[in-house]
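To keep things clear, I will list the structure first and then write my remarks on it.
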Amino acid sequence: MPAGPVVLNVAEKPSVAKEASRALSRNQATYSRGAGGTACWDFSHTVQGTTCQMVFTSVAGHLMSTDFKEPFNKWKSCAPLELFHKPIERYVPANKKVLEANLKAEARRAQWLILWLDCDREGEHICFEVMEVCCGVNRNLRVLRAQFSTLLVGELERALATLRPPNKSEADAVDARQEIDLRSGASFTRFLTLSLQQKFDWSSNLGPTSDKPVISYGPCQFPTLGFIVKRQWEIYAHVAERFWYIHVSHRDGTTGQMCDFEWDRKRLFDRFAAELFFEPCKEDGALATVESVGEKPTYKYPPYPLSTIEFAKKASSFLRIGSQDAMKVAEDLYQAGYISYPRTETDRFSPDFDLRALVGNQTAHPQWGGYASRLLDPGSGLWRDPGNGGHDDKAHPPIHPTKFTAGEPGWDVKKKKVYEFVVRHFLACCSDRAVGSESVIRIDVAGEKFTTRGTAVKARNWLDVYPYRSWSQASLPGLREGEQFKPEVSLKSGFTRPPEKLKETDLIAKMEQHGIGTDATMAQHIETTLKRGYATRDNQTMQFSPMPLGEALVFAYKEMGLDVLWQPLLRAETESQVSNIACGQVSKGIVIEDAIGKTQAQFLKALPQLLVLERSIGHFFKRVDGNPGPSEPPTDARDVLRTMCPLCAQRVVLARNSSTDGRLFRCSQHPHCNHKIALPRATVSVTVRPEKCPRCPREAGVSLVDLRFRRSGIPPGFSVMMQGQCLYCSPAIKELFEACQINNSNEAHNTGPVSRARGSGVSRRSGPSSMPPPPTTRAPPQPQHNNGPPKRRQAFQGSRYAGESTRGSTWQDSNASHTFVTATGQSFGLQNHSRQTLRPSSSGRSGGGSGVCYNCGEGGHFASNCPHPKKRRR
DNA sequence: GCAAGGTC
C-alpha cells in the first residue's frame with residue numbers, strides 16, 4: 001500500500017461499500033474483515049490531487065437509536081403526560097456495537113472521513129451519527145460528504161471531486177421527526193395500555209392480540225388504521241338505492257352473437273321517469289337506427305420501471321403476497337444478488353443504464369427466455385425504451401433483475417413468484433405498447449341514445465410477457481350507418497352498492513397520497529395494524545377489515561373529540577414542518593416545541609375523558625374489572641329516540657334490518673327485546689329532534705323525528721319530507737305506515753327484563769359495527785358505487801311524476817305494476833291488481849305519475865300492461 | 001411492553 005493520508009469511507013450499507021470500492025478501484029480493492037467482522041475494502045485512489053489509502057466500510061442504516069433517558073424508558077417510571085418533556089438520549093444499541101467498534105478502530109488511524117451515506121434526509125442524519133462516533137476518537141479528522149446518485153464510476157469520481165460538508169439542517173429535520181414521534185407515540189401508547197389493558201376481556205378480538213394487548217398509538221400506524229375503519233363505516237352507512245335503466249341488445253345475424261348497448265342516460269332513480277323513456281322504445285315497430293359507426297386506434301402502455309411502492313402494490317394485487325412479506329422476499333433476493341436494491345423511489349432508468357445486457361441475461365429462461373430474445377432482435381420491433389415515471393431518489397435504480405436463474409431448488413413459492421414478477425416487469429418495461437382498435441356504434445331508439453364498444457387487439461407486445469394484465473377483446477356486429485334493426489329492449493333495475501373494503505393496494509395508495517410513512521416503511525405500518533390486532537387482511541381478496549379493537553379505538557378517539565389523531569392531516573403537517581427545518585427556514589427547536597405542544601394538547605384533552613374512553617371501548621368488549629360499563633350501544637345522539645322501550649324500559653335506537661336493509665328504531669337490548677318501529681324502505685334520512693311530542697302519553701316523552709323518503713318508494717300523495725312527527729302517535733305516520741303495510745304492533749315476545757338481557761351475554765358491540773353489509777345486489781352494466789344522487793334524479797323530484805293526489809291509496813313500492821327483468825334474468829312484477837287502488841290525478845293530466853296509465857289515461861294499471869290500443873304520446 | 005426511520 002503506497003504512503004498517503006488514510007481516508008475512511010463510510011456507506012449506509014455493505015452493498016454500497018462493496019460496489020463503490022469495486023468501481024473506484026477498477027476491481028482492485030481488497031477485502032478485509034474489520035473489527036467484529038465488518039467488511040472493509042482497501043485500495044489506493046487519488047482524491048483532490050492527493051494519493052490516498054482508501055478504506056471503505058459501512059454501517060447498516062441508522063447507527064443510533066433514540067429513547068428516553070433512564071429511568072424514563074421504563075413504563076411506570078413517570079406519568080405518560082410527563083413523556084412530553086422528559087430527557088431523550090441518542091445511543092448506539094447493542095446490535096450496532098460491532099459497527100461502532102469498527103468505525104472507531106478505522107477512524108483512529110484515518111486522517112479524512114468521507115461520508116457516502118444515501119443522499120436523502122435520513123442519510124444526512126446518519127452522517128452525523130457516524131461523525132459523532134468517529135470524531136469522538138479522532139478530533140483531527142477532516143470530514144467531507146460525497147454526493148452521488150448512482151454507483152457508476154463516473155458519478156463516484158464526480159462525487160469525490162465535489163466533496164462538501166454534511167448538511168446539518170437535514171439532519172436536524174430527522175432529529176425533530178424522531179423526537180416528535182417518540183414523545184407522542186410513547187405517551188399515548190403508555191396511557192392507552194396502562195388505562196385499558198387490565199379492564200377488559202380482549203378474547204373476542206381474534207387474531208395476534210394476546211390477553212394483555214399493547215394498545216399502541218403512532219402517527220403513522222393510526223391513520224393507517226383510520227383509513228380501514230373509515231371505509232368500513234362508509235360501508236355500514238350505505239343505503240342501497242334502486243335504479244332503473246333501459247337495456248338494449250342485438251343479435252348479429254351473421255355470427256349469432258349478442259351485443260349489448262348502454263343507455264346514454266346510464267340509470268335513473270325514478271322508476272316512473274325510466275318507464276316514460278322505456279315505453280316508446282318497446283313499442284311494436286320501434287326500430288333502432290345506427291347513427292354512427294366509428295373506429296380508432298387504442299393503446300395499452302407498459303408499466304413504468306418498478307419502485308418500491310409499486311412493487312408492494314403489485315405484489316399484493318398480482319401475486320396475493322402481503323406487502324411486508326413481499327418486501328422480506330425481495331430483501332432475500334437482493335441479498336442473494338438476484339435483484340437490485342428493493343427500497344427505491346426511482347421509477348426511471350438513467351440513460352447510461354445497460355438495459356440490453358440485463359435483458360440478454362434472461363434469454364435462457366424456459367418461460368420468458370424466448371420473449372427476451374425477441375426483445376433483443378431489432379427485426380421484431382418489440383424494443384421500446386422504458387418510460388419515465390417521474391420519480392428519482394438519486395440513490396437507487398428501479399427494482400430490476402441482476403442475476404439470471406431458471407429457479408433455485410431451495411426457493412419457496414413466494415420467492416419464485418417475486419423473482420418472476422421482477423423479471424417480467426422489467427422485460428415489459430423495455431417493450432413496445434400494445435396496440436388495439438376500438439369500435440363504437442351509436443344507435444337511436446325512439447329518441448333515446450345507446451352505445452356499444454368493442455375492441456380488437458392488433459399487437460399484444462408487452463402483454464405477452466406480463467400475464468398479470470389482460471386486454472379482453474369484444475367484436476361488434478357488422479352494422480352500417482343508417483341501418484335499422486329491431487332491438488331487444490327491456491327495462492332493468494339494480495341497486496347501488498356500498499364501496500368495497502380497502503384492498504392493500506388501495507391502502508398503500510392512500511398512505512402515499514397523504515404522506516403516511518415512506519416507501520420503505522408503509523408495509524411495516526400496515527403490518528403493525530395487523531400485529532396489534534387492529535385489523536385483518538383477507539389473504540384471498542387482500543382486503544382489510546377492522547378488528548373490534550381497531551374499530552373500538554377509532555370510535556373512542558372520535559368520542560373524545562380526537563379525530564385529528566386517526567386522520568392523516570397531522571402527519572402531513574409534521575412532515576411539512578420538518579421539511580421547513582431541512583430547508584433551513586425554521587429551527588429544530590421551534591418545530592419540536594410547536595408539534596409537541598399540539599400533541600400534548602390532544603393528550604390533555606384525552607386525560608379527563610378516561611370514562612368516555614372506557615365507555616367507548618365497553619361497547620365492543622366486556623369489562624373484567626367489576627365495572628358493569630355502559631348498556632347503551634355506541635349510537636350518535638341523533639340516533640337515539642329519547643323514549644323508553646315500552647317492553648323493557650331501555651333506550652330505543654336507530655338501526656338497520658339485517659335481512660331487508662331497511663331502517664328501524666329498535667330497543668337497544670335487541671335481540672333480547674323485540675320492540676321495534678320499522679320505517680318504510682324508501683327512508684333516506686332520519687333526524688331525531690330535541691323536542692318531545694306534546695300529545696304522546698308516554699311517560700318519558702317521545703322525540704319528534706324528521707323523515708325523508710325516496711319519491712319512487714312511497715305511495716303517491718305522501719310527501720317526501722315528513723317533519724316533526726311522532727312515531728308513536730302521529731296520524732300522518734300511521735297513515736303512511738298503513739299505506740306501506742308496515743306492521744309495528746310490537747306484539748312480539750319479549751324474552752325478559754333488562755337484568756336478564758345484561759347478564760346473558762348480550763354483545764354490546766352494536767351500532768355501526770354490528771350492522772351487516774347490505775345484501776348482494778343485482779349487477780347493472782355500469783359501475784355500482786353510490787356516488788351520490790345523480791343530477792338527473794334531482795331533476796325529476798317535484799316534477800309531475802312525483803304524484804300528489806292519491807293520498808290514502810294503498811299503492812306500494814313492492815307492488816310493481818310492471819314486469820321488470822333483472823340483470824340476472826329474473827323477472828318480477830305485480831300479478832295481483834286487486835291490491836292496488838289507483839286513481840286519476842286531480843289535475844286530470846294523462847301520463848302523470850300518480851297512478852294513471854300513460855297510454856290510455858285510466859287508473860288501475862300502467863302503460864306497460866295497458867289493455868287498450870297503443871297511443872303515441874310526446 | 002411504546003414511535004418511525006434506516007438496514008440486516
Side-chain angles (χ1 to χ4, degrees), chain A residues 11-17 36-39 58-68 72-78 80 83-84 86 88 90 93 95-96 98-99 117-130 170-171 173-198 209-224 308 327-328 330-332 334-336 341-344 393 395-396 511 515-528 531-532 565 570-571 574-575 578 595-596 599:
Chain A
E12 192 162 316
K13 43 194 162 283
S15 59
V16 171
T38 311
S58 76
V59 286
H62 280 284
L63 184 61
M64 295 181 164
S65 295
T66 303
D67 205 348
F68 293 100
F72 305 113
N73 54 351
K74 303 290 185 299
W75 272 52
K76 294 182 180 170
S77 59
C78 64
L83 294 176
F84 285 103
K86 291 296 183 194
I88 282 175
R90 198 156 57 207
N95 63 341
K96 298 288 173 75
V98 167
L99 297 171
L117 286 305
D118 288 357
C119 291
D120 54 25
R121 203 181 287 167
E122 297 294 327
E124 215 64 30
H125 191 267
I126 302 172
C127 283
F128 284 83
E129 296 171 16
V130 171
E170 293 209 330
V174 173
D175 262 351
R177 199 261 309 146
Q178 287 180 339
E179 184 167 341
I180 294 165
D181 290 350
L182 176 63
R183 291 193 190 280
S184 60
S187 56
F188 273 99
T189 302
R190 289 189 196 177
F191 169 63
L192 290 169
T193 306
L194 297 173
S195 303
L196 302 172
Q197 195 181 59
Q198 307 294 331
T209 325
S210 65
D211 288 351
K212 301 282 181 281
V214 171
I215 304 170
S216 64
Y217 166 79
C220 287
Q221 59 176 259
F222 235 68
T224 304
T308 300
M327 287 303 294
K328 173 83 177 60
E331 177 71 28
D332 287 351
Y334 159 68
Q335 292 295 340
Y341 188 66
R343 288 184 281 267
T344 173
D393 63 13
H396 309 285
M511 294 172 74
I516 304 299
T518 68
D519 56 324
T521 60
M522 282 178 193
Q524 291 171 19
H525 298 314
I526 293 172
E527 208 62 24
T528 302
K531 192 175 71 185
R532 295 272 184 244
L565 293 178
L570 183 67
R571 190 59 182 177
T574 306
E575 283 296 329
V578 157
I596 293 300
T599 317

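So you know, we letter chains A, B, ... as the sequences are listed, proteins then strands, and number each from 1.
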Note to self: Using a heavy-atom cut-off of 4.0 Å across all strands, would you classify A:His125 as base, sugar-phosphate, or nothing?
What the structure shows: nothing

Notebook entry, point to check: With a 4.0 Å cut-off on heavy atoms, is A:Thr518 in touch with a base, just the backbone sugar-phosphate, or nothing at all?
Noted result: sugar-phosphate

Margin query: Taking side-chain hydrogen bond (donor to acceptor under 3.5 Å, both in side chains) as the definition, give me every residue that meets it alongside A:His396, ordered by chain and number, with sequence neighbours left out.
Written below: A:Asp118

Next item on the list: Look only at the side chain of A:Arg183 and the backbone of A:Leu83, and say whether a donor-acceptor pair between them is shorter than 3.5 Å.
Entry: yes

Checklist line | Residue pair A:Glu129 / A:His62: nearest heavy atoms and the distance that separates them | finding: OE2-ND1, 2.8 Å

Check: How would you label the contact of A:Asp118 with the nucleic acid (heavy atoms, under 4.0 Å): base, sugar-phosphate, or nothing?
Finding: sugar-phosphate

Notebook entry, point to check: With a non-hydrogen cut-off below 4.0 angstrom, is A:Tyr217 in contact with a base, only sugar-phosphate, or nothing?
Noted result: sugar-phosphate

Next item on the list: Report which part of the nucleic acid A:Gly517 touches: base, sugar-phosphate, or nothing (heavy-atom distance under 4.0 Å, all strands).
Entry: sugar-phosphate

Checklist line | First-last contacting nucleotides on DNA chain B - partner chain A, under 4.0 angstrom, heavy atom | finding: B:dG1 to B:dC8

Next item on the list: Quick one: label A:Gln335 by what it contacts on the DNA or RNA (base, sugar-phosphate, nothing), any heavy atom closer than 4.0 Å.
Entry: sugar-phosphate

Margin query: Just to be sure I understand the rule, does A:Phe72 reach a base, reach only the sugar-phosphate, or reach nothing, if contact means heavy atoms closer than 4.0 Å?
Written below: nothing

Checklist line | Sugar-phosphate only, base, or nothing, as touched by A:Thr66 at under 4.0 Å among non-hydrogen atoms | finding: base

Check: Are the side chain of A:Ser187 and the backbone N or O of A:Ser184 linked by a donor-acceptor pair below 3.5 Å?
Finding: yes

Next item on the list: Quick one: label A:Gln178 by what it contacts on the DNA or RNA (base, sugar-phosphate, nothing), any heavy atom closer than 4.0 Å.
Entry: base

Next item on the list: Scan A:Asn95 against the nucleic acid and name what it touches under 4.0 Å (heavy atoms): base, sugar-phosphate only, or nothing.
Entry: nothing

Check: Base, sugar-phosphate, or nothing for A:Gln221, non-hydrogen atoms under 4.0 angstrom?
Finding: sugar-phosphate

Item checked: Flag, side chain of A:Lys96 to backbone of A:Ala60, donor-acceptor distance under 3.5 Å -> yes

Next item on the list: Might you point out which heavy atoms bring A:Thr308 and A:Asp519 nearest each other, and give the distance in Å?
Entry: CG2-O, 3.5 Å

Next item on the list: Give A:Arg121 one of three labels, base, sugar-phosphate or nothing, depending on what nucleic acid heavy atoms sit under 4.0 Å from its own.
Entry: nothing

Next item on the list: Just say parallel, tilted or perpendicular for the rings of A:Phe84 and A:Phe188, cut-offs at 30° and 60°.
Entry: perpendicular

Checklist line | 5′-ward residue of the pair A:Glu12/A:Trp75 relative to DNA chain B | finding: A:Trp75

Check: When all nucleic acid strands are considered with a 4.0 Å heavy-atom cut-off, which category describes A:Pro80: base, sugar-phosphate, or nothing?
Finding: nothing

Next item on the list: Select base, sugar-phosphate, or nothing to describe what A:Arg183 touches, counting heavy atoms under 4.0 Å on all strands.
Entry: nothing

